[in-house]
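Only one structure is covered here, and it is reproduced in the block below.
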Protein chains: 2
Amino acid sequence: MLEFAILGLLHQSPMHGYELRKQLSQVLGGLRSISYGSLYPALKRMRAAGLISTDEPEPHALLPADAPPLTGRRGKVVYTITAEGKERFHELVSQTGPEAYDDGGLFGVRLAFFGHTASDVRLRILEGRRRTVERQREGLRCSLARTRERLDRYTLELQRHGLESVDREVRWLSELIDTERREAGEPPPTTT
Amino acid sequence: MLEFAILGLLHQSPMHGYELRKQLSQVLGGLRSISYGSLYPALKRMRAAGLISTDEPEPHALLPADAPPLTGRRGKVVYTITAEGKERFHELVSQTGPEAYDDGGLFGVRLAFFGHTASDVRLRILEGRRRTVERQREGLRCSLARTRERLDRYTLELQRHGLESVDREVRWLSELIDTERREAGEPPPTTT
DNA sequence: GCACCGATGTATCGTCTCGATACATCGGAG
DNA sequence: CTCCGATGTATCGAGACGATACATCGGTGC
């Protein structure tokens, strides 16, 4: 998921880690943000895999230049996507399997880069996501029906709220799907 | 958070790990479930800390009883809360600081055990949670306003949906707070 | 001029969580 | 009488997170 997001952002333009993190937070929908403890190891991995490269021009300062033996000077590092990375990104972008929408986090990132995604792929992902969330909704409904008897008011409220949230998500996805279909020339089937 | 939930469940009755996990999933609101990879280490930790104890009566079967050297026989393990554990639980239950509601997961667990929580503590936690979510909402609003110009339709939709969800959560919390206040005899202030 | 501060910036560490997996027993359906 | 799915305990490696350290830059106030 992180890999996808990073490739997507670097596909637009090279960036520092710091900037990358900020953009990442936005892409993730604004609430969920990525920590450096995840970001830098991910960058290191991707660099090792040849998906990105680092231009490291500025040693950041012209200090004594010889052995301030503390920990060593750190320069700004600009990360750039490689040809291999672009290939990998387009490969990921065209995936439509359950791995693309079963996890909400990855789905969010997929959505954020729908601009790079073909129309039919978009549709398939949205529908897959809807199926997943609908299944969740069924689970919640059962759970709620089962626990309605041995009533703990607060747990019940929590589940009710959760169910409504999931319900709203299904409706939201349905709207997106309808829009998508309409734009593809296909009239939305009256599946409401 | 796990610690709180486990103590809460074992406070009601002793349980196996398996049963514990099922109940845990329900308590967490139905969608989020705990994996064994989290549960068993947590139990081990809590056992080491003296919060719970294990009765291990049945070796599960009367096999040859001597050295099936594969990995060793495993018996059912019943976890029971100790006096120390109960003390810890009541200590946790009466906490009203930000740590009780800043994290949504922990807040959900707190809510599930509101039955063990004093009325004024309940109110303070609900109000704290609302403040937290309201702050999140502000952040989202700003982010949405900022990104509205450089429009990517899908990211925008994602943020819009996220904002509405947070908005709904605030309203939900407000209802809970009103109910709580009404039951405490205090008429809800007309803060709608 | 200069002391301080918050934003920018890179990076690691220990702790925890998760998904996958292995192992093992039990009740019942076919 | 065998196979299957539920019950049940447990670990492993990958990776995510919060906290923290280190370091520079552009101001703002004095």
Side-chain angles (χ1 to χ4, degrees), chain A residues 1-6 14-25 28 31-49 52 54-65 68-79 98-99 102-106 109, chain B residues 1-6 14-25 28 31-49 54-65 68-79 98-99 102-106:
Chain A
M1 189 222 81
L2 240 187
E3 178 185 324
F4 191 110
I6 291 172
M15 248 180 268
H16 289 176
Y18 189 84
E19 179 71 10
L20 212 39
R21 185 193 187 235
K22 276 196 307 180
Q23 303 258 358
L24 235 31
S25 301
L28 264 288
L31 17 74
R32 201 165 297 277
S33 89
I34 287 299
S35 72
Y36 292 125
S38 315
L39 179 59
Y40 283 110
L43 287 172
K44 200 182 274 184
R45 258 177 281 142
M46 292 169 66
R47 191 180 179 289
I52 60 177
T54 58
D55 307 359
E56 188 169 354
E58 327 171 39
H60 212 196
L62 306 177
L63 282 189
L70 306 165
T71 29
R73 348 207 299 278
R74 267 172 242 198
K76 297 195 182 188
V77 180
V78 177
Y79 296 93
E99 69 276 6
D102 269 4
D103 172 50
L106 182 50
V109 177
Chain B
M1 188 223 81
L2 241 188
E3 178 184 324
F4 190 109
I6 291 173
M15 247 180 269
H16 289 176
Y18 189 83
E19 179 71 11
L20 212 39
R21 186 196 187 232
K22 278 196 307 180
Q23 304 258 357
L24 234 31
S25 302
L28 263 290
L31 17 74
R32 200 165 299 275
S33 88
I34 286 300
S35 72
Y36 292 125
S38 314
L39 178 59
Y40 283 110
L43 287 172
K44 201 182 271 183
R45 256 176 283 141
M46 291 168 67
R47 191 180 179 288
T54 59
D55 306 358
E56 188 170 353
E58 329 170 39
H60 212 199
L62 306 177
L63 282 191
L70 306 164
T71 28
R73 345 205 300 279
R74 266 171 242 195
K76 298 195 180 188
V77 181
V78 178
Y79 296 92
E99 70 277 5
D102 270 4
D103 171 49
L106 183 51

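Each chain gets a letter, A, B and so on, in the order the sequences are listed, and its residues count up from 1.
Counting heavy atoms of neighbouring residues, nucleotides and ligands inside a 6.0 Å radius, atom CZ of Arg21(A) exceeds 12 of them.
In this structure, of dC17(D), dT8(C), dT7(D), it is dT7(D) that holds the atom nearest to the side chain of Lys22(B). In the set dG19(C), dT10(C), dT9(D), the nucleotide with an atom closest to the side chain of Tyr40(A) is dT10(C). Taking every side-chain heavy atom of Tyr18(A) into account, dA7(C) is the closest of dA7(C), dC17(D), dT11(D). With dG19(C), dA16(D), dG8(D) as the candidates, the nucleotide lying closest to the side chain of Ser35(B) is dG19(C). The side chain of Tyr79(B) lies closest to dA10(D) when the candidates are dT12(C), dG8(D), dA10(D).
When rounded to the nearest whole Å, the span between NZ of Lys76(B) and P of dA6(D) equals 16 Å. Atom CG in Leu43(A) sits roughly 14 Å away from atom P in dG15(D) (whole-Å rounding). Protein atom CG of Leu39(A) is 10 Å distant from nucleotide atom C1' of dT10(C), rounded to whole Å. Put simply, CD1 on Ile34(A) is 16 Å from P on dT10(C), counting in whole angstrom units. dA6(D) atom P lies 15 Å from atom CD of Glu19(B), rounded to whole Å. Between Asp103(A) atom CG and dA20(C) atom C1' the separation is 16 Å, expressed in whole Å. When the C1' atom of dC16(C) is taken as reference, atom CE of Met46(B) falls 15 Å away, rounded to whole Å. Rounded to an integer number of Å, the gap from OH of Tyr36(A) to P of dC13(C) is 18 Å.
The phosphate of dG15(D) (OP1 or OP2) has no side-chain N or O of Ser38(A) nearer than 4.0 angstrom.
Within the nucleic acid shown, Arg45(A) comes within 4.0 Å of sugar-phosphate atoms alone, with no base atom in reach, counting heavy atoms only. Looking at heavy-atom distances under 4.0 Å, Gly17(A) makes contact with sugar-phosphate atoms alone, never a base.
Met15(A) contributes atom CE, which lies 9.0 Å from atom CG of Leu24(A) (distance to the nearest 0.5 angstrom). Annotation: the span from Ile52(A) atom CD1 to Leu43(A) atom CG amounts to 4.5 Å, rounded to 0.5 Å.
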